[in-house]
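Have a look at the structure below, then the notes.
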Amino acid sequence: MNLDTEKYSTLSNQRSFSDTAETRDYFLDLAHMHPICPLSLSHARMFLLADVWARWQRQKGKSVRFPICMHYSGRTVYQISEVAKLWGSDKENEINEERFTPGLFIDFYQVSKSDYKEFSSPIFILDYFSSRILGDLKVLQVSCDYDEYFNTQDERYHEFVRFVINLYTEKKIIVPSTSHPGKALDYSGRWKKDALRSLNETKFSPESSLRMVRDSMLKLDNDWSYERELSIGTQIEGSVVDPMFDSELLSMFNAIFPVIKGVDPKLVAETYRELFGNISRPFRDDSLARIIPDHLSLVPVDTFFLESHLQNWAAKKIFSETLLLNPSLMTKEYFFIGSIVINGKDVSPSRRRGETLSQLIQSAGPIVARLALLYTFGNPVSDHEWPPWLVTSMRQKSYRFVKFFRLLQKRSVTNNYHQISMLLEERGGEINSLIETKQMKKVIGILFDKIPCEVYQLTERSQGEEEKQPDRQSRVSINNFFLGYLNVICPPIIELLNE
């Protein structure tokens, strides 16, 4: 279908969008994945909400940094690998691992038998699921910075973690763990006071999460050693850094990655010393402009998305940033979101509770999958029960909308265009407010149901060829209204509208 439309993706002249926003960089980040299985629906909806927010900031004229990486870490991947080694051997009957059986991966995760044979390698497992996750996100058109993707096996990341541990040593906050062998961080004294001050200067959504994170900060102590033995991660003095101690550094590394991605890993430590010598406490404003290039002006993180059960991790992240960064460069906002639950329990692919994102895309397609996941954001901070009717409902919504939009191209809009224009301006204001508060369920209801019904009633049957040209300019504006919001909420549907 040849749509009457202009370059809707910019929409700088649309009254329903801000055309006065100052063009500036915007940096959003989220809790990145440990790729030992396909993406769960809860993790997928976090990426989708972040994507809507990234697209919304772009619509307002901002250049958005939206990094994507995989956190290769932990011991679980070794458990998976050990079970895979026994599969098909004369020792297969010795498999007593309940969660990571071959059937889970071959039958439920749909890993081919030839690929599962390679699961004897922990790194192969992480690479395999990283590829699956990235592929699924691209199908949903999640607009991450894929050209700057990395995983934490990158030696530059290992060097960064070692650099930070050295800084911790210099600042004398590494102490023996009180109850476990190994070293720990001393979350006390001046560091805790400064971190609590940082907490109170940070925005939290919902506001109630501030107390939740504060409670976690007050409970942190030096009981938890950051040294592990059998694990994937950064090696220091014969031990591996626990993933809960290096994942909190990923936002900082994401911020500097555009600068250091071309640096020889053997030389990158010097770059870190130069950077952090100028952006940590004490802060020298005159040196910041010299040391931070233009494309690194994205620091600090404007909005950080994470699930509500990660309050301890958020607390540790605030501690680290307080120690390593000037206050003006610390994360501005933490946005906590709830999980998808089934019968009151979190979806868990490893326990075969709920679908994976791959399965949802396979059964529903990218348009319906994206709408279904976003529709769970009635109240974005609350857990949401995944109802059995949701996919069918979103399929019907998308079908009705496509039918309406195609009919619209054949209807006359000229006589009632002023009424339609006023209606779209009013509804656009409602949608804008709802996107700002991330209430996607209501956005989808207005965009896919309410407005199409209202607009269609104001159109007329076209009487002939002579009416098409006068209608064209009016239809361009109406089409752009819909396509602009679809580009934020559900870009895969735009391709269908053009068929």
Side-chain angles (χ1 to χ4, degrees), residues 24-32 42-43 45-54 56-57 60 62 64-67 185 187 191-221 244-245 247-252 254-255 281 298-341 346 374 376-384 432-443:
R24 70 171 184 82
D25 291 329
Y26 193 94
F27 185 9
L28 67 85
D29 206 355
L30 41 68
H32 293 283
S42 288
H43 288 150
R45 77 197 287 262
M46 179 177 67
F47 269 98
L48 280 176
L49 186 63
D51 178 56
V52 167
W53 196 241
W56 184 241
Q57 298 305 319
K60 295 194 288 186
K62 297 176 183 178
V64 176
R65 172 97 167 99
F66 184 7
L185 300 184
Y187 296 104
W191 190 17
K192 177 164 285 189
K193 291 180 181 178
D194 288 344
L196 288 170
R197 187 178 301 114
S198 298
L199 175 81
N200 293 326
E201 295 171 355
T202 303
K203 180 180 178 181
F204 287 86
S205 298
E207 292 182 359
S208 59
S209 58
L210 170 62
R211 178 179 296 179
M212 180 176 66
V213 176
R214 180 190 290 118
D215 289 344
S216 294
M217 294 180 74
L218 292 173
K219 293 176 183 177
L220 282 176
D221 55 29
M244 278 297 290
F245 285 84
S247 59
E248 66 202 47
L249 308 176
L250 267 173
S251 286
M252 280 184 270
N254 278 330
R281 304 165 186 256
L298 300 154
V299 178
V301 174
D302 290 278
T303 304
F304 191 92
F305 293 87
L306 69 168
E307 292 175 288
S308 56
H309 64 86
L310 294 176
Q311 69 268 21
N312 286 339
W313 185 79
K316 288 169 55 58
K317 186 174 184 294
I318 293 171
F319 264 98
S320 295
E321 290 191 1
T322 299
L323 190 73
L324 298 171
L325 298 177
N326 176 271
S328 65
L329 299 181
M330 294 180 62
T331 299
K332 292 182 178 180
E333 177 188 14
Y334 289 88
F335 193 96
F336 286 85
I337 67 173
S339 299
I340 290 179
V341 298
D346 289 350
L374 288 176
T376 63
F377 286 110
N379 179 353
V381 301
S382 299
D383 290 346
H384 185 92
N432 293 352
S433 297
L434 291 169
I435 292 177
E436 289 291 338
T437 54
K438 304 174 182 67
Q439 297 182 66
M440 297 299 116
K441 181 178 181 179
K442 291 182 179 179
V443 170

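Model, not experiment: these values are computed from the prediction. Scope of the values below: all heavy atoms of this structure, side chains included, with no hydrogens, waters or symmetry mates.
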Heavy-atom check, side chain of [X] versus side chain of [Y], under 4.5 Å:
X      : Y      : result
Thr303 : Trp53  : yes
Lys332 : Lys203 : no
Val341 : His384 : no
Ile337 : Leu306 : no
Ser320 : Phe245 : no
Lys441 : Thr376 : no
Asp29  : Pro67  : yes
Tyr334 : Val213 : no

Pair Phe304 and Trp313, ring centroids less than 6.0 Å apart: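 They qualify: ring centres under 6.0 Å apart.
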Distance-only, no hydrogens or angles: does the Arg45 side chain make a donor-acceptor pair with backbone N or O of Gly338 under 3.5 Å?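 Side chain of Arg45 to backbone of Gly338: a pair is present.
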Got a sec: does the NZ of Lys442 have more than 12 other heavy atoms crowding it under 6.0 Å?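 Open: at most 12 neighbouring heavy atoms sit under 6.0 Å from NZ of Lys442.
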Please check if the number of heavy atoms outside Glu436 that lie under 6.0 Å from its CD is greater than 12.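 Yes, the 6.0 Å shell around CD holds more than 12 heavy atoms from other groups.
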Look up atom [atom1] in [X] and atom [atom2] in [Y], then write down how far apart they are to the nearest 0.5 Å.
X      : Y      : atom1 : atom2 : result
Glu333 : Phe305 : CD    : CZ    : 7.0 Å
Thr322 : Arg197 : OG1   : CZ    : 9.5 Å
Leu28  : Trp56  : CG    : CH2   : 15.0 Å
Leu196 : Lys193 : CG    : NZ    : 10.5 Å
Lys316 : Met244 : NZ    : CE    : 6.0 Å

Should the pair Phe319 and Tyr187 be assigned to parallel (<30°), tilted (30 to 60°) or perpendicular (>60°) ring geometry?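 Phe319 vs Tyr187 ring planes: perpendicular.
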Donor-acceptor pair between [X] and [Y] side chains, under 3.5 angstrom:
X      : Y      : result
Arg65  : Asn254 : no
Lys60  : Tyr26  : no
Asn312 : His309 : no
Ser209 : Gln311 : no

Taking 4.0 angstrom as the limit, do Glu321 and Lys317 come out as a salt bridge?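 Lys317 and Glu321: salt-bridged.
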Think Lys438 forms a cation-pi with Phe377, using NZ or CZ under 6.0 Å from the six-ring centre and within 45 degrees of its axis?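 Not flagged: Lys438 not positioned over aromatic ring of Phe377.
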